[in-house]
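Since the structure comes first, as structure tokens, the remarks are kept for the end.
Side chains included, hydrogens not; waters and symmetry mates left out as well; all remaining heavy atoms used. Whatever order the structure lists them in is the order used to number ligands and atoms, beginning at 1. Remember, predicted model here, so these are calculated numbers, not experimental data.
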Amino acid sequence: MKFFVDTADLDEIREANEMGVLDGVTTNPSLMKEAGGADFHEHIYKICEMVDGDVSAEVTATDYAGIMAEGRTLAKIHDNVVVKVPLILDGIKAIKSLTSEGIRVNCTLCFSPTQALIAAKAGATYISPFIGRLDDISSDGLELIQQIVTIYSNYGYNTEVLAASIRHPMHIAACAQIGADVATMPLSVIKKLLNHPLTDNGLAKFLADWEAYQKTVNA
Ligand code: G3P
């Protein structure tokens with residue numbers, strides 16, 4: 001399973017990368033707003049130079065010609081760039097065209113299995129179903145991941161399932177069991193994947209016992 005960090009904050013990306021388990025980065029306009037200040041294209045270039053993996057950069061046009069123009073420009077920033085396109089009619093048309101030009105696309109804002117099916121037929125490199133936002137409206141985000149994995153497996157689509165809008169470690173555990181190809185998550189969730197109180201307690205006991213043992217050796 002690939003791990004992407006879902007942020008445009010350079011410090012967070014650096015910290016995630018230093019853990020040695022990072023496979024890529026996803027950004028979106030809201031995450032750019034949080035990061036603030038920087039020229040978008042320069043910022044994406046910096047991220048691409050930091051991380052050896054795919055970096056999603058999102059278009060803001062919603063018409064076919066605009067998405068194509070933005071997509072081509074974003075793709076030229078760096079080989080690591082994957083163009084993020086919303087799951088709307090003109091977006092699907094643009095995904096078909098961009099992929100035929102060799103530009104990789106992450107199809108975003110997916111909330112249903114039929115949306116995911118169309119994105120795969122258009123040739124998207126990644127589909128991004130938003131788990132947390134479905135859970136937020138009393139729907140089942142993980143059920144959507146299962147549905148998409150089944151559909152893609154039934155027909156042999158190469159589009160990778162990129163579980164997004166991850167809120168906590170249990171989302172990751174479930175996505176990994178279902179077989180999602182990628183999970184993008186905040187740095188805080190990546191860190192939480194490590195935590196277990198029995199590990200901390202066990203280590204404290206081992207270290208205390210080691211110290212006690214050393215005293216017997218030196219006595
Ligand atoms: O990158 C898109 C997605 O992960 C957004 O998550 O937390 O804004 O629902 P969230």
For [atom], grab the closest protein heavy atom and report residue, atom and distance to one decimal in Å.
| atom | answer |
| --- | --- |
| atom 4 (O) of ligand 1 | Asp6 OD2, 2.5 Å |
| atom 2 (C) of ligand 1 | Phe130 CZ, 3.3 Å |
| atom 8 (O) of ligand 1 | Arg133 NH2, 2.8 Å |
| atom 7 (O) of ligand 1 | Arg167 NH1, 2.8 Å |
| atom 6 (O) of ligand 1 | Ser165 CA, 3.3 Å |

Which pair of non-hydrogen atoms, one from Leu144 and one from Leu134, has the smallest distance, and what is that distance?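 Between these two residues, the closest heavy atoms are CD2-CD1, 3.5 Å.
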Look up atom CG in Leu162 and atom OG1 in Thr108, then write down how far apart they are to the nearest 0.5 Å.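 Answer for the CG-OG1 pair, Leu162 versus Thr108, is 8.5 Å.
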Can you measure from OG1 (Thr150) to CD1 (Ile145) and round to the nearest 0.5 angstrom?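 Rounded to the nearest 0.5 Å, the OG1-CD1 separation comes out at 11.0 Å.
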Once you restrict to heavy atoms under 4.0 Å, what part of Glu58 touches ligand 1? Side chain, backbone, both or neither.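 No part of Glu58 is near ligand 1 at this cut-off.
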Hey, mind stepping through Phe40 and Leu74 against side-chain contact (heavy atoms from CB on, under 4.5 Å) and telling me if it holds? CA-CA 10 Å; Phe40 179 44; Leu74 289 171; 3.6 Å; yes
Test side chain to side chain donor-acceptor pair (under 3.5 Å) applied to Glu12 - qualifying residues, sequence neighbours left out: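 For Glu12, the residues satisfying side chain to side chain donor-acceptor pair (under 3.5 Å) (neighbours in sequence not counted) are Thr7.
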Backbone or side chain, does any N or O of Thr26 fall under 3.5 Å from an N or O of ligand 1?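 No, there is no polar N/O contact under 3.5 Å.
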Is a side-chain donor-acceptor pair under 3.5 Å present for Glu101 with Ser97?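 On atom types as modelled, these side chains do not qualify, holding no pair under 3.5 Å.
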